[in-house]
Chemist: 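Before I ask anything, here is the structure I am working with.
Source: prediction; values computed, not measured.
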Amino acid sequence: MKESTSNFFTLAIETSCDETSASVLEGERGVCSNIVSSQIDTHRRYGGVVPELASRMHIESIQPAVEMALAGAGCTLADIDLIAVTQGPGLVGALLVGVSYAKGLAVATGKPIVAVNHMEGHIASNYRTHSDLAPPYIALVISGGHTYVLDVLDYDRMVKLGETRDDAVGEAFDKVARVLGLPYPGGAALETMARTGRADLAFPRVFLEPDAFDFSFSGLKTAVLNYLHTAEMKGESVVREDVAASFQAAVFEVLIERALRACAVCGRKAIAVSGGVSNNRTFFERLSQEAMRKGIRVFAPEARFTGDNAAMIGCAGYLSYRAHGPSTLDFTADPNLGL
Ligand code: KG4
Ligand code: ZN
């Protein structure tokens with residue numbers, strides 16, 4: 001491995017769900033290019049990601065995405081020192097496209113390859129934005145597919161404290177957004193709608209066991225659906241903005257309690273939020289306010305690094321390669337890869 005982090009170029013590939021992404025990074029933080037080809041317009045008409053369609057679209061987009069990432073960084077494959085690819089978790093067919101492509105590149109070029117856990121990628125997305133964020137800290141990964149609270153002990157060592165037992169946060173946002181008439185994926189639109197609403201509807205806060213860090217959001221989602229159906233049956237009018245604000249407040253209260261308690265239990269003074277839902281400014285502001293009172297700092301990635309992107313995979317891959325060296329070529333796509 002080169003001694004200097006500048007001039008060390010990683011080509012990263014991400015295809016775990018519905019974004020085909022390729023990125024070239026210099027060292028761990030320098031993003032030279034980050035191409036994200038979203039399939040959302042295709043999946044929107046089905047109200048969710050259709051796995052078979054996702055795989056097919058990755059096959060069509062991966063080569064152009066890699067070519068654009070290399071061109072955007074002003075380099076060729078010959079300049080690349082490391083190939084990083086998402087191994088899992090995610091949709092197996094989608095992951096296989098990226099893993100097979102990246103392995104093919106590694107074999108053809110003789111470059112080292114590193115398999116990356118998508119969740120570690122989300123966690124690493126904060127390193128790109130915040131050079132002052134360093135372990136140990138509490139990570140809150142809140143995306144369309146995952147909800148985790150973790151104690152990050154070192155760049156490549158973390159302990160999972162809790163996770164969702166049913167819906168992921170983003171999934172709950174998207175389902176509630178849908179019944180409020182917002183197009184998929186409706187998380188961001190729900191946040192906008194909630195800005196003019198009053199959070200005065202008593203939707204449940206599910207804390208499960210008092211000392212647990214796990215989450216459950218399906219009961220809250222059902223409570224919102226029941227509220228809307230009951231109002232419809234009684235012919236009562238519904239203020240959608242109030243429903244959005246009340247739902248959001250219930251979700252945030254649970255997330256904030258978990259994150260702050262994790263800090264207290266593990267003795268941490270920083271929380272790093274990541275994943276698509278970390279784009280939610282209302283959440284960031286509320287969490288920051290409450291954390292500040294306890295002397296805890298809160299970090300979130302730049303908006304363009306909150307959703308799935310290859311730059312975060314490159315950052316996590318580079319850190320893993322620096323600590324443990326390359327992966328052997330016998331790894332395969334793992335839809336259920338744990339942390
Ligand atoms: O991280 P991501 O792009 O994909 C996964 O790895 O799952 O997250 C996408 C999720 C979607 O559920 C989307 O509705 C949600 O993030 N999201 C938001 C906001 N922006 C995106 N949820 C709430 N508020 C937002 N502002
Ligand atoms: Zn993700």
Chemist: Are there over 12 heavy-atom neighbours, none belonging to Glu302, within less than 6.0 Å of that residue's CD?
Modeler: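 For Glu302, atom CD is crowded (more than 12 foreign heavy atoms under 6.0 Å).
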Chemist: Taking CZ in Arg205 as the centre, count heavy atoms belonging to other residues, nucleotides or ligands within less than 6.0 Å. Is the count above 12?
Modeler: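 More than 12 heavy atoms, drawn from other residues, nucleotides or ligands, come within 6.0 Å of this atom.
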Chemist: For Tyr127, does its backbone N or O pair with a side-chain atom of Ser131 as donor and acceptor, under 3.5 Å?
Modeler: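 Flag not set: sc Ser131 to bb Tyr127 has no pair under 3.5 Å.
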Chemist: May I ask you to check whether Tyr184 and Tyr46 place their ring centers less than 6.0 Å from one another?
Modeler: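 Centroid distance Tyr184-Tyr46: not below 6.0 Å, so no.
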Chemist: Taking only residues at least two apart or on different chains, which pairs with a member in residues 125-137 satisfy salt bridge (charged side-chain N to carboxylate O under 4.0 Å, His left out)?
Modeler: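 Listed by first then second residue: Asp132-Arg297.
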Chemist: Can you tell if the side chain of Leu77 reaches within under 4.5 Å of the side chain of Leu11, non-hydrogen atoms only?
Modeler: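 The answer is yes; the side chains approach within 4.5 Å.
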Chemist: Do the non-hydrogen side-chain atoms of Tyr321 and Pro112 ever get within less than 4.5 Å of each other?
Modeler: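 In contact.
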Chemist: Give a yes or no answer on whether the side chain of Arg29 reaches the backbone of Cys315 with a donor-acceptor pair at less than 3.5 Å.
Modeler: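 No; zero donor-acceptor contacts below 3.5 Å.
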Chemist: Strictly distance-based, threshold 3.5 Å: is any side-chain N or O of Asp174 a donor or acceptor partner for the main-chain N or O of Gly186?
Modeler: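 Here the side-chain-to-backbone pair exists.
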Chemist: Verify, without hydrogens or angle tests, whether Thr147 (side chain) and Val169 (backbone) share a donor-acceptor contact under 3.5 angstrom.
Modeler: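 Yes: the side chain of Thr147 pairs with the backbone of Val169.
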Chemist: Can you see which heavy atom on Gly317 is nearest to which on Leu82, and at what distance?
Modeler: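 Shortest heavy-atom contact: O-CD2, 4.1 Å.
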Chemist: Thinking salt bridges, do Asp81 and Lys111 make one under a 4.0 Å N-O criterion?
Modeler: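 Looking at Asp81 and Lys111, the cut-off is not met.
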Chemist: Using the ring centroid of each side chain, check whether Phe299 and Tyr137 are separated by less than 6.0 Å.
Modeler: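 No; Tyr137 has its ring centre 6.0 Å or more from that of Phe299.
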Chemist: Using 30° and 60° as the class limits, which term best fits the ring planes of Phe252 and Phe283: parallel, tilted or perpendicular?
Modeler: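 Because their plane-to-plane angle lies in the 30° to 60° range, the rings of Phe252 and Phe283 count as tilted.
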Chemist: Ignoring hydrogens and geometry, is there a side-chain-to-backbone donor-acceptor pair from Thr222 to Ser218 under 3.5 Å?
Modeler: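 Yes: the side chain of Thr222 pairs with the backbone of Ser218.
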Chemist: How long is the span from the CG atom in Leu53 to the CD atom in Gln39, to the nearest 0.5 Å?
Modeler: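 The distance works out to 8.0 Å.
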Chemist: Any salt bridge between Glu28 and Arg322, counting N to O under 4.0 Å?
Modeler: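 Result for this pair is yes, salt bridge flagged.
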Chemist: Quick check against the 3.5 Å criterion: does Ser16 have a side-chain atom that pairs as donor or acceptor with the backbone of Leu95?
Modeler: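 Between the backbone of Leu95 and the side chain of Ser16 there is no qualifying donor-acceptor contact (under 3.5 Å).
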Chemist: Report yes or no: is the cationic atom of Lys175 (NZ for Lys, CZ for Arg) closer than 6.0 Å to the six-membered ring centre of Phe217, at no more than 45° off its axis?
Modeler: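 Verdict for Phe217: no cation-pi partner in Lys175.
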Chemist: Scan the side chains in residues 305-314 for donor-acceptor partners under 3.5 Å anywhere in the protein, sequence neighbours excluded, and list what turns up.
Modeler:
{"from": "Thr306", "atom 1": "OG1", "to": "Ala303", "atom 2": "O", "distance (Å)": "2.7"}
{"from": "Asp308", "atom 1": "OD1", "to": "His118", "atom 2": "NE2", "distance (Å)": "3.1"}
{"from": "Asp308", "atom 1": "OD1", "to": "His122", "atom 2": "NE2", "distance (Å)": "3.1"}
{"from": "Asn309", "atom 1": "OD1", "to": "Ala311", "atom 2": "N", "distance (Å)": "3.1"}
{"from": "Asn309", "atom 1": "OD1", "to": "Met312", "atom 2": "N", "distance (Å)": "3.0"}
{"from": "Asn309", "atom 1": "ND2", "to": "Phe305", "atom 2": "O", "distance (Å)": "3.4"}
{"from": "Asn309", "atom 1": "ND2", "to": "Gly307", "atom 2": "O", "distance (Å)": "2.9"}

Chemist: Answer yes when Glu60 and Arg56 have at least one side-chain N-carboxylate O distance shorter than 4.0 Å, and no when they do not.
Modeler: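 Salt bridge absent between Glu60 and Arg56.
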Chemist: Between Phe215 and Arg165, is there a cation-pi geometry (under 6.0 Å to ring centre, at most 45° from the normal)?
Modeler: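 Verdict for Phe215: no cation-pi partner in Arg165.
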Chemist: Is it true that Glu290 and Arg286 have a side-chain N and a carboxylate O under 4.0 angstrom from each other?
Modeler: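 Result for this pair is no, no salt bridge flagged.
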